[in-house]
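All chains are named by letter (A, B, ...) in the order of the sequence lines, taking the proteins before the strands, and each is independently numbered beginning at 1. Worth saying up front: this structure is predicted, and the values here are computed from it rather than measured.
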There are 2 protein chains.
Amino acid sequence: MLTAMSAAPAERADAARNRQKILAAAARLVAAGAAERLSLDEVARAADVGVGTVYRRFGDRAGLVFALLDEQHQLFRTRVLEGPPPLGPGADAGDRLRAFLHALVDLSVGQRELLLLAESSSPPARFVSDSYAFQHAHATRLIAELCPDADAAFLADALLAPFAPSLIDHQCRARGFSPERIKTGFDQLLRGTLQPEAAVPPVEQASRRLPADDGSVADDGCANARR
Amino acid sequence: MLTAMSAAPAERADAARNRQKILAAAARLVAAGAAERLSLDEVARAADVGVGTVYRRFGDRAGLVFALLDEQHQLFRTRVLEGPPPLGPGADAGDRLRAFLHALVDLSVGQRELLLLAESSSPPARFVSDSYAFQHAHATRLIAELCPDADAAFLADALLAPFAPSLIDHQCRARGFSPERIKTGFDQLLRGTLQPEAAVPPVEQASRRLPADDGSVADDGCANARR
DNA sequence: CACCGATATGGAGAAGTTTCCGTTTGTCTC
DNA sequence: GAGACAAACGGAAACTTCTCCATATCGGTG
């Protein structure tokens, strides 16, 4: 934040000022409901700078949106690294992993709008972002601690994959899943995967039966033609 | 294929002809390496039709790319529904699910180019596609059979989520995972999740230790600033 | 086979994204 | 403070995606 990283050439004063103006304008537009269909042209106009400046600062649409999401990620990162257990240090790896996924569900559902925007701007950007690198490293470490024999790096990807913004959105909208149902689902995924033999303490509302599956596609046998 | 669906007003001859011309031109361009950065304008020119025609036929970029993928999807569907076990009917649910995921790994890696294109055209399109509906229905059924108490619909989404084209691509490129490693990873995911108590027959090359993790990100404790 | 309504066509154009580059402005030195 | 230079600026231009609609075509019908 305040400590300029060593090799970084340091940002010029006017540049920093413009970065703030642009972020503020973008945040304003998003808050104003223009979330989807947020044009960089419009952002530039609202921030009263040229389009070129926006691109110089943020590279592309995805870059701007990620910058918008950054503050939340910093907070999350801090909660994970220094906050109270079970999300923060202190709890055992299993509890931490579970808390981590639950927190991620809340974050993903809460920031849905912006996350969808980021994803639509550039789907692969997620996987090369700082934020994903952090989540993957954290999950990998916890998984490795829980089961040293597993391919922790792969399992971390697999556990984070369901947080794809468009999947979360699809589950919330089309399938009608509640955040609680998603959390319970992750618990089921975790229970078996990461506890080779040990019996896991019953999940809080584990007795919950799956409600209306949304009564859709159950074909399989039907040979309907395309389109 | 040859049976015209009931309510469909039937496609006019010239329209059908143009559909083929467009698909052929698009396939040609993709094969020619212009996969990423495939412009519909260019496709229209190559197919010698107006842009408007491309849009009339396929709706948008995503529609065209999905149409290109459709043939492979039909073949896959047939293999699953009528092919030989363990992918096709006949094997027990656990074996079928495992074979299903393995086959999907091959499919996803094989069609990487086009799948990435489809995803970048419209990330949410995957989840409303026929192909995803089929995969989800099939996985849900198998999971429900294996563990009637689980939230099969959620677990199916969770198991399919790691097939996001950009994740597969990231794993292959940046992490250096081989398709075999991914398959083994899915086996680990399955083993615990879906077999509450039963011991699962050892996976073929289960003794394999995870090779070079690509030796990257292991920060976690580092508080590096953004960008 | 001439007619006609339903469809399809193609290209101009609206809207957005991204690149480029001549000009302006900080910032560091002397 | 004047000069030098890298960095930043802004907006025009090159491209894409997608929409619209006046015009051309198809394929039954009488």
Margin query: Output the rounded distance in Å from CZ (R19(A)) to C1' (dA8(D)).
Written below: 12 Å
Notebook entry, point to check: Does R98(A) reach the side chain of F186(A), with side-chain heavy atoms less than 4.5 Å apart?
Noted result: no
Check: Angle class for the F177(B)/F154(A) ring planes (parallel below 30°, perpendicular above 60°, tilted otherwise)?
Finding: tilted
Checklist line | Minimal non-hydrogen separation, L97(A) against L190(A), with atom names | finding: CD2-CD2, 3.7 Å
Checklist line | side-chain hydrogen bond (donor to acceptor under 3.5 Å, both in side chains): pairs with one or both residues in residues 38-53 of chain A, sequence neighbours excluded | finding: none
Item checked: Distance in angstrom units between D14(B) CG and dG27(D) P, rounded -> 6 Å
Check: Do the non-hydrogen side-chain atoms of I143(A) and L159(A) ever get within less than 4.5 Å of each other?
Finding: yes
Can you check nucleotides 1-3 of chain D for protein contacts, nitrogen or oxygen pairs under 3.5 Å, and list what you find?
none

Check: Hey, do the aromatic rings of Y132(A) and F163(A) have their centres closer than 6.0 Å?
Finding: no
Check: Taking CZ from F58(A) and P from dG16(C), how many angstroms apart are they, rounded to a whole number?
Finding: 20 Å
Next item on the list: Using a 4.0 Å cut-off on protein heavy atoms (strictly under), produce a 5'-to-3' string for nucleotides 10-24 of chain D with B for base contact, S for backbone-only sugar-phosphate contact, and - for none.
Entry: BB-----BBB-----
Next item on the list: Write down the distance between CZ (R17(A)) and P (dT25(C)), rounded to a whole number of angstrom.
Entry: 12 Å
Note to self: Just to verify, what does F66(B) make a ring-ring contact (aromatic ring centres under 6.0 Å, His included) with, not counting sequence neighbours?
What the structure shows: none
Next item on the list: Using a 4.0 Å heavy-atom cut-off across all strands, classify A44(A) as base, sugar-phosphate, or nothing.
Entry: nothing
Next item on the list: Please give the angle, rounded to 10 degrees, between the axes at the start and the end of the helix from dC1(C)-dG30(D) to dC30(C)-dG1(D), where five pairs define each axis.
Entry: 0°
Next item on the list: Scan for side-chain hydrogen bond (donor to acceptor under 3.5 Å, both in side chains) pairs involving residues 103-122 of chain B, sequence neighbours excluded, and state none if there are none.
Entry: R61(B)-S121(B), D106(B)-K183(B), R112(B)-D169(B), E119(B)-S166(B)
Next item on the list: Test D151(A) against Q188(B) for side chain to side chain donor-acceptor pair (under 3.5 Å), laying out the working first.
Entry: CA-CA 8 Å; D151(A) 184 343; Q188(B) 295 173 11; 5.4 Å; no
Notebook entry, point to check: So do R141(B) and H138(B) actually touch side chain to side chain, heavy atoms under 4.5 Å?
Noted result: no
Next item on the list: Look at the side chain of H136(B) and the backbone N and O of A153(B), then say whether any donor-acceptor pair between them is shorter than 3.5 Å.
Entry: yes
Check: Atom CD of E11(A) and atom P of dA6(D): how far apart are they, to the nearest Å?
Finding: 19 Å
